[in-house]
Amino acid sequence: MKDRVVWVDWAKALGIYFVVLGHYILPNAEVRGYIYMFHMPLFFFLSGLLTSDKSLNMSFGGFVKIKAKRLIVPYYLFSVLCFVWYIIKLKAGGGLDIFNTTVPIFVNSFLCGDSPMSCGPAWFLWSLFFCNICVYAYKRYPVVMLILLSTLGVINLPIYLALHTVPCALLFFAVGFIGKDKIINAADYIVSKKVIAFIVSVVCLVLVLVGYRLIGNMDMVADQYTSYPVFSLIFAFIGIFGVISLCILIAKQSSFIESISRSTLVIMCLHTELLWFIQLHVYNIFSNWFVVLISAFAIVVVLTAITPFIRKYVPILMGGR
């Protein structure tokens with residue numbers, strides 16, 4: 001898409017707020033489970049929607065180089081920041097043991113495995129990198145996409161480099177990419193039909209709640225798709241369309257929302273560190289809904305505010321964006 005689409009900015013802003021909120025220990029655990037039904041699928045869907053066909057026309061080497069610069073380099077740079085922060089936290093707590101504690105889990109973190117010092121939410125970048133490679137291959141060999149999607153729920157891929165998330169992530173990414181023209185046209189139609197947008201958003205978001213109550217929540221990074229994986233995926237798509245319809249309904253040109261949309265990478269990678277800090281200094285933070293909602297919003301605002309400085313002075317951290 002050549003021009004910015006207002007509802008996409010709103011969907012990214014709302015989606016990243018859900019990501020932050022989803023990492024809280026919420027007063028009601030069911031809200032967290034509800035969010036997990038669709039919040040990461042939404043980001044993969046939007047990433048596919050925003051992927052340029054033109055970028056797929058370059059050489060494979062050039063394509064991989066650009067995607068590595070935009071996704072993998074930031075992953076490791078943010079991981080280094082989180083590693084330094086982890087050492088500071090260990091030092092402050094008197095539990096620093098470089099050889100026995102830090103080195104083994106550093107290796108695990110380097111491979112995007114489960115590690116307390118890793119930039120946890122940044123697994124999204126590795127998964128997104130592989131989704132882009134798969135779509136590039138699909139443009140030349142469509143059968144590749146079918147083979148990869150067929151591994152969903154059949155082959156247990158390793159957790160390293162977030163490979164285990166790729167089949168599921170690719171499903172949402174591919175639908176966003178392949179259906180982008182029809183999705184944009186449908187959204188343009190719904191923009192003038194506010195009543196339709198309202199009905200679709202309410203119905204979809206209520207259906208997701210019903211789905212969660214019936215089958216439980218889906219967690220992509222935990223490789224958990226409930227006992228009914230097909231229904232989990234269906235409800236995830238329903239949640240995506242519910243959020244999009246809601247954003248079409250409420251979307252207005254807003255520099256603030258656009259700024260959040262442009263800051264999702266920084267927010268995704270750093271919000272858990274701010275959450276740790278808030279947790280230490282705000283008494284009983286997780287028992288009060290008002291404090292939870294406001295503090296999650298504050299994290300989004302703070303990281304949005306620093307993103308322009310990162311983009312200006314450390315553009316490599318933003319993948320050169």
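- Within the structure, salt bridge (Lys or Arg N to Asp or Glu O under 4.0 Å) contacts touching residues 185-200 (residues at least two apart or in different chains) do not occur.
- Across all non-hydrogen atoms, the minimal contact from Ala68 to Pro74 is O-CD, 4.3 Å.
- A cation-pi contact, defined as under 6.0 Å to the ring centre and within 45° of the axis, links Arg32 to Tyr36.
- Note: Ile178 CD1 to Leu49 CG = 12.5 Å, rounded to the nearest 0.5 Å.
- Between Leu21 and Leu293 there is a side-chain heavy-atom pair separated by less than 4.5 Å.
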| Derivation of the side-chain hydrogen bond (donor to acceptor under 3.5 Å, both in side chains) call for Ser295 and Tyr24 | CA-CA 10 Å; Ser295 62; Tyr24 276 72; 2.8 Å; yes
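- When all heavy atoms of Ser254 and Ile257 are compared, the pair lying nearest together is OG-N, 3.2 Å.
- Of the possible donor and acceptor atoms, one in the side chain of Thr51 sits under 3.5 Å from a partner among the backbone N and O of Ser47.
- A donor-acceptor pair under 3.5 Å is formed between the side chain of Arg311 and the backbone N or O of Arg262.
- Checked by atom type and distance alone, the side chain of Tyr34 pairs as donor or acceptor with a backbone atom of Leu205 at under 3.5 Å.
- Looking at Asp53 and Lys139, a side-chain N of the basic residue comes within less than 4.0 Å of a carboxylate O on the acidic one, giving a salt bridge.
- Within the model, atoms OH of Tyr228 and CD1 of Ile234 stand 13.5 Å from one another, a figure rounded to the nearest 0.5 Å.
- For an aromatic pair to be called close, the ring centres must be under 6.0 Å apart, and Phe63 with Tyr136 satisfies this.
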| request: Take Thr304 and Ser259 through the test side-chain hydrogen bond (donor to acceptor under 3.5 Å, both in side chains) and record every step on the way to the result. | output: CA-CA 7 Å; Thr304 297; Ser259 295; over 6 Å; no
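- For Phe237, the ring-ring contact (aromatic ring centres under 6.0 Å, His included) partners two or more places apart in sequence, or in a different chain, are Phe172.
- Cluster membership for Ile294 and Leu274, using ILVMFWY side-chain heavy atoms within less than 4.5 angstrom, is not shared.
- Hydrophobic clustering (side-chain heavy atoms under 4.5 Å, transitive across Ile, Leu, Val, Met, Phe, Trp, Tyr) groups Ile199 together with Val208.
- The CG atom of Leu42 lies 12.0 Å from the CD1 atom of Ile35; values are rounded to the nearest 0.5 Å.
- Leu270 and Tyr313 fall within the same hydrophobic cluster, where Ile, Leu, Val, Met, Phe, Trp and Tyr residues are linked whenever their side-chain heavy atoms come under 4.5 Å apart, directly or through other members.
- Taking 4.5 Å as the limit, every side-chain heavy atom of Ile267 sits out of range of all side-chain heavy atoms of Leu265.
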| message | Show, in sequence, the C-alpha distance, side-chain angles and deciding distance for Val19 and Phe124, and conclude whether the side chain to side chain contact (heavy atoms under 4.5 Å, CB included) test is met. | response | CA-CA 12 Å; Val19 168; Phe124 173 81; over 6 Å; no
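- At most 12 non-hydrogen atoms from other residues, nucleotides or ligands lie less than 6.0 angstrom from CZ of Phe297.
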| task | For the pair Leu71 and Asn132, evaluate side chain to side chain contact (heavy atoms under 4.5 Å, CB included) and give the outcome as yes or no after the intermediate values. | result | CA-CA 10 Å; Leu71 299 170; Asn132 276 277; 4.1 Å; yes
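- Leu161 and Phe130 get closest at one heavy-atom pair: O-CE1, 3.4 Å.
- Taking each heavy atom of Met268 and Met40 in turn, the nearest pair found is CE-CE, 4.2 Å.
- No single ILVMFWY cluster, assembled from side-chain heavy atoms under 4.5 Å apart, contains both Ile25 and Phe290.
- Considering only heavy atoms from C-beta on, Phe43 comes within 4.5 Å of Thr264 through its side chain.
- Taking the six-membered ring for Trp and thresholds of 30 and 60 degrees, Phe18 and Phe38 have ring planes more than 60 degrees apart, a perpendicular arrangement.
- Looking at every heavy atom in both residues, Ala11 comes nearest to Leu46 through CB-CD1, 3.8 Å.
- Across every non-hydrogen atom of Ser261 and Lys12, the tightest pair is O-NZ, 3.1 Å.
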| message | For Phe198 and Leu246: C-alpha separation, side-chain torsions, deciding distance, then whether side chain to side chain contact (heavy atoms under 4.5 Å, CB included) applies. | response | CA-CA 7 Å; Phe198 176 76; Leu246 175 63; over 6 Å; no
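- Of the inter-residue distances, the one linking Ile184 atom CD1 with Lys182 atom NZ reads 14.0 Å to the nearest 0.5 angstrom.
- Contact of the Pro229 side chain with the Met218 side chain is not registered, since no non-hydrogen atoms from C-beta on lie closer than 4.5 Å.
- Counting only heavy atoms from C-beta outward, the side chains of Asn288 and Pro27 never approach each other to under 4.5 Å.
- Ring pair Phe173/Phe177 is parallel by interplanar angle, where below 30° counts as parallel and above 60° as perpendicular.
- Here the OG-CD1 distance, from Ser245 to Ile240, works out to 11.5 Å after rounding to the nearest 0.5 Å.
- Ser201 places none of its side-chain heavy atoms less than 4.5 Å from the side chain of Val243.
- Looking only at side-chain heavy atoms (C-beta outward), Leu81 and Leu317 come within less than 4.5 Å of each other.
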| Are Gln253 and Glu258 close enough, and set up right, to give a side chain to side chain contact (heavy atoms under 4.5 Å, CB included), and what steps lead you there? | CA-CA 8 Å; Gln253 196 74 44; Glu258 184 177 329; 3.9 Å; yes
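- Proximity of a side-chain donor or acceptor of Trp10 to a complementary backbone N or O of Ile250 within less than 3.5 Å is not detected.
- Once rounded to the nearest 0.5 Å, the distance linking CG of Leu214 with CG of Leu207 reads 10.5 Å.
- Using a 4.5 Å heavy-atom cutoff, the side chains of Ser263 and Leu303 are not in contact.
- By the 6.0 Å contact criterion, OH on Tyr138 is open, its count of non-hydrogen atoms from other residues, nucleotides or ligands being 12 or less.
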